[in-house]
Structures are given as structure tokens and as C-alpha cells.
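Quick note: numbers below take in every heavy atom, side chains included, and nothing from hydrogens, waters or symmetry partners. For ligands, and for the atoms within them, numbers begin at 1 and follow the listed sequence.
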Amino acid sequence: MNSGLEDVIAAHTVLSDVDGKNGRLIVRGTSLDALVATSRYEDVLALLFDGFFPPQADLRAALGAARVAVFEHVAAADPALVALPPVDGLRALLARLGDGEGLSTALQLIAGPAVFAPALLRLKAGQAPLPPDPNLSHAADILRMLHGTLPSPQQTAALDRYLVTVADHGLNASTFAARVVASTKAGLTSSVLAALSALKGPLHGGAPGPVLDMLDGVGAPANARAWLEAALDNGDRLMGFGHRVYRVRDPRADALKGAVRLLAGSGAIDPKRLALAESVEAAALAILRERKPDRALDTNVEFYTALLLEALGFPRDAFTCVFAMGRVGGWIAHAREQAETGRLIRPMSVYVGPRPQEAA
Ligand code: ACO
């Protein structure tokens, strides 16, 4: 029995392949490198949805219309909901979307995080939420709804690259949660809500906020080793490092480091912040190698996510919401794939409690 289900195969999928030994990610036949070089988020959605939903001549327009449609639910964001952590507020608003299995439910679920998270953040800041602009790309509209101004082409490209990079990743915890719910035929909204609940944990999609807390704690490159050693002595894990499947560097870390460098080139990232991150990364890798020589612990996707989303102006408590904006595409495709198998997921447990005669 592996309590983390490591090495257990629970699905056949055509969606993505996480090659942990060689540090490669393939999404529907295309490697991550090729995907981030050529695709926008809408292209990756079309790829993920292929065969699971009827093809759309203009997915970008359909998604723009879905953003406009879901904006009406922002009116339900009362003060108690706005006071919640952003990911919990997002979950509450997403729960207002009805369950269904079709493309219109799917597109509303993709639109939901993109529209609800910026609206909640603006409400928290005492600003009015901005309605979507269906003519913009998904990434550009997210940034516009957050900041109230049109993003630069570099900012849009950086967010697009992030959304593409995280769109799907094998049978991670949130995707598995989505598939378990889909296997009961509860519907796509229920699957996405289960997945979002799994994503928010700090061992999964909740890590990038704490990565920035770590950078702030370190403060200057010269402090990196001492600060990280003290954190490990305290029993803490170093956020943004280690992965269940990758035994080498997570390929998504480099895809995002590329986006961070692009932003730095356009002046959107303070070079000192980038230098601090690079020295913390180098020190963390060296210390983890010393302390865990038989366990390959390398940089994961969350490390450079943190820098990227900070540079794009997302507050750190909303980073998990931005992760959900991308990963929701994968959750939905996996939910459809699972539902199509028609098979309920129902594993077994081994009872280790007392038997009635022992309990008496
Ligand atoms: N810092 C310090 N030690 C670590 C780290 C880390 N980041 N990651 C793993 N280890 C250690 C563990 O303490 C453990 O040591 P032990 O055997 O002495 O107890 C050993 O390495 C193996 O750890 P596991 O828990 O078996 O590794 P697992 O495969 O379950 O962990 C996980 C994967 C949860 C991602 C882990 O590496 C971690 O907690 N990382 C920090 C949080 C993080 O960055 N999460 C984002 C992951 S990416 C994503 O989900 C999108």
C-alpha cells in the first residue's frame, strides 16, 4: 500500500505525459517547449478539448462570450464572500455555475476563474469590477480586468505562456480529484470545484505565495544559505523545490524562467529581485543535494511562477487563482475523458481498526 498512491496507474489518457526521469512534458503529442513557443492559451484549449467537445470555428470568440456571460455572477460577491481568501471566494462564485457536460458549461468554467478572480481582487481593493472585453485574448483580458489598463504585448505574452505551461500535467492531485468526481457523473462544475479545492493546498498549487515569502525572508543573496539552512533545521520544506514525479528539473520551471527573463528585458522585473531569486535557487539546490543526497530534489514550476505572477501585478494570495485559470482546461478535458470511460473510481482500503470482539 502506497499512501500517496505513487506508482499506481489510475487512468489511460491521451491528454498529457509527464516524463519524470527525463524532465519532459508532452501535451497531446506536442512538447512543452514547442507549445510555449507557438501557442496561446486558446490554442491549447482547442488541443485539450479535441474529441471531447464539438470543434469550434472560433474558440477565442466563444470564450470571450463566456467571459461576458459569467460576469453576471460577480453581483453575488457580497462583503462576506469578498472577505474570504481569493481562492475561497473564487470557489464560491464558481459554485454558482450549473453542472453540465457540454461545451457551454466547459467554456463558462474556463471563463470563471479569469473573470471572478480579478473582480474579487478589485472589490477587495475597494474598486468596481470591470466587465470583460470579448474582443481581447483571454490573457490580455485577465490583465485588463485586474489593472484597468490594457497590458503591454510582453505582459500578455508572459501570462499566455504561464497559462499554456500549466494547462495540463498528467494525474496530479487536483486532476485526479476532478476525475474521481467525473466518474460519479456529477458534472463538470462539481469536478472543477473538487479540483480547485485540491489545488489550493501548499503542497500543490498553493506554493508560489510562500516562495515570495521565502525571498522576502532571505532579503539579500548573501543571506540565502543561512536562511534556508535555518528553515530546514526548523523542519520546513523549501517551497518551489521537489516534485512527486520529476526526478530532474521540472521543464515548466525553465519555460517560466524564459518568460521571467522576457519581462525583465522589458523592465517589468527589478533585476535585483531576479538576482535574489537566482541566488536563492542556487543555494537551495546545493543545500537540498547535501541534505538529501539520495533524493533528487530540483526546482519545480512554482518557483518561477512566483516571480512571474508578482511581476504581472497579481497579489500573492491570489496566485492559486491564476494557476486555476490555466489548469481548469486540463481538469475539464480529464473530467470528460474519465466520464467517457463510464467507470466509477472506487479504490479499496485495508481496515486496521479493532474487530467487534476486540473492541468489546
Ligand atoms: N524541501 C525540503 N525537503 C523536501 C522538499 C522540499 N521542498 N521536498 C521533498 N523533501 C524531502 C522530504 O522531507 C522527504 O524527506 P524524508 O524522506 O527525510 O522525510 C523527501 O524529500 C521525500 O519527500 P516526499 O514527501 O516523499 O516527496 P513527495 O514526492 O511527496 O513530495 C512535494 C512532493 C509535495 C511537491 C514536495 O517536494 C514538497 O513539499 N515541495 C515543497 C512544496 C512545493 O513546492 N509544492 C509545489 C509542487 S509543484 C505542483 O504541485 C504544481
TODO: Could you name the option among V211, T305, L297 that has the heavy atom nearest to atom 8 (N) of ligand 1?
DONE: L297

Open item on the list: Could you tell me, atom by atom, which parts of ligand 1 come under 4.0 Å of a heavy atom of G242?
Closed with: 35 (C), 37 (O)

TODO: Quick one: look up the protein heavy atom nearest atom 19 (O) of ligand 1 and list residue, atom name and how far away it is.
DONE: K292 NZ, 4.6 Å

Task: Worked verdict on Y246 versus D298 for side-chain contact (heavy atoms from CB on, under 4.5 Å) - done: CA-CA 8 Å; Y246 291 119; D298 214 319; over 6 Å; no

Task: Heavy atom of the protein closest to atom 1 (N) of ligand 1 (residue, atom name, distance) - done: L238 N, 2.9 Å

Task: Test log, rule side-chain contact (heavy atoms from CB on, under 4.5 Å), inputs L163 and V44 - done: CA-CA 9 Å; L163 298 176; V44 176; over 6 Å; no

- [ ] Test R252 against T305 for side-chain contact (heavy atoms from CB on, under 4.5 Å), laying out the working first.
- [x] CA-CA 9 Å; R252 299 168 300 171; T305 290; over 6 Å; no

- [ ] Heavy-atom contacts with F323 under 4.0 Å: which atoms of ligand 1 show up? List them by number with element.
- [x] 51 (C)

Task: Geometric N/O contact V301 with ligand 1, under 3.5 angstrom - done: no

Open item on the list: With a 4.0 Å cut-off on N to O distance, would you call E229 and R291 a salt bridge?
Closed with: yes

Task: Cluster overlap L90 with V82, hydrophobic side-chain contacts below 4.5 Å - done: yes

Open item on the list: Can you tell whether the side chains of E281 and R249 come within less than 4.0 Å, N to carboxylate O?
Closed with: yes

Task: Option with minimal heavy-atom separation from atom 14 (C) of ligand 1, where the choices are R295, R237, R252, H243 - done: R237

TODO: Check each heavy atom of E302 against ligand 1 and say whether those closer than 4.0 Å belong to the side chain, the backbone, both or neither.
DONE: side chain

Task: Ligand-side contact atoms (ligand 1) for residue partner P202, heavy atom cut-off under 4.0 Å - done: 42 (C), 45 (N)

Task: Distance from atom 49 (C) of ligand 1 to nearest protein heavy atom, with residue and atom - done: H204 O, 3.5 Å

Task: N300 and ligand 1 - part of the residue with a heavy-atom distance under 4.0 Å - done: side chain

Task: For atom 30 (O) of ligand 1, the protein heavy atom that lies nearest, with its residue and separation - done: R244 NH2, 2.9 Å

Open item on the list: For D270, is there an ion pair with K272 - N to carboxylate O distance below 4.0 angstrom?
Closed with: no

Task: Salt bridge present between D88 and K200 (N-O < 4.0 angstrom) - done: yes

- [ ] Among all protein heavy atoms, pick out the one at the shortest distance from atom 41 (C) of ligand 1; state its residue, atom name and that distance to 0.1 Å.
- [x] F241 O, 3.4 Å

TODO: Could you check atom 42 (C) of ligand 1 against the protein and tell me its nearest heavy-atom contact, residue, atom and distance included?
DONE: M239 SD, 3.5 Å

Open item on the list: Between the side chains of R316 and D216, is the shortest nitrogen-to-carboxylate-oxygen separation below 4.0 Å, so that they form an ion pair?
Closed with: yes

TODO: Report yes or no: does L288 have a heavy atom closer than 4.0 Å to ligand 1?
DONE: yes

Open item on the list: Yes or no, since that's all I need: does a protein heavy atom fall within a distance strictly under 4.0 Å of atom 45 (N) of ligand 1?
Closed with: yes

Task: Sidechain N-carboxylate O distance under 4.0 Å for D43, R40 - done: no

- [ ] For S174 and N172, test the side chains for any donor-to-acceptor distance below 3.5 angstrom and give the result as yes or no.
- [x] yes

Open item on the list: What I want to know is whether R247 and ligand 1 share at least one N or O pair that is separated by under 3.5 angstrom.
Closed with: no

TODO: State the atoms of ligand 1, each with its element, that fall below the 4.0 Å cut-off from a heavy-atom position in L232.
DONE: 2 (C)

- [ ] Applying ring-ring contact (aromatic ring centres under 6.0 Å, His included), run through F314 and F319 and close with a yes or a no.
- [x] CA-CA 7 Å; F314 290 98; F319 287 178; 7.4 Å; no

Open item on the list: Closer than 4.0 Å to some heavy atom of G240 - which atoms of ligand 1 meet that?
Closed with: 43 (C), 44 (O)

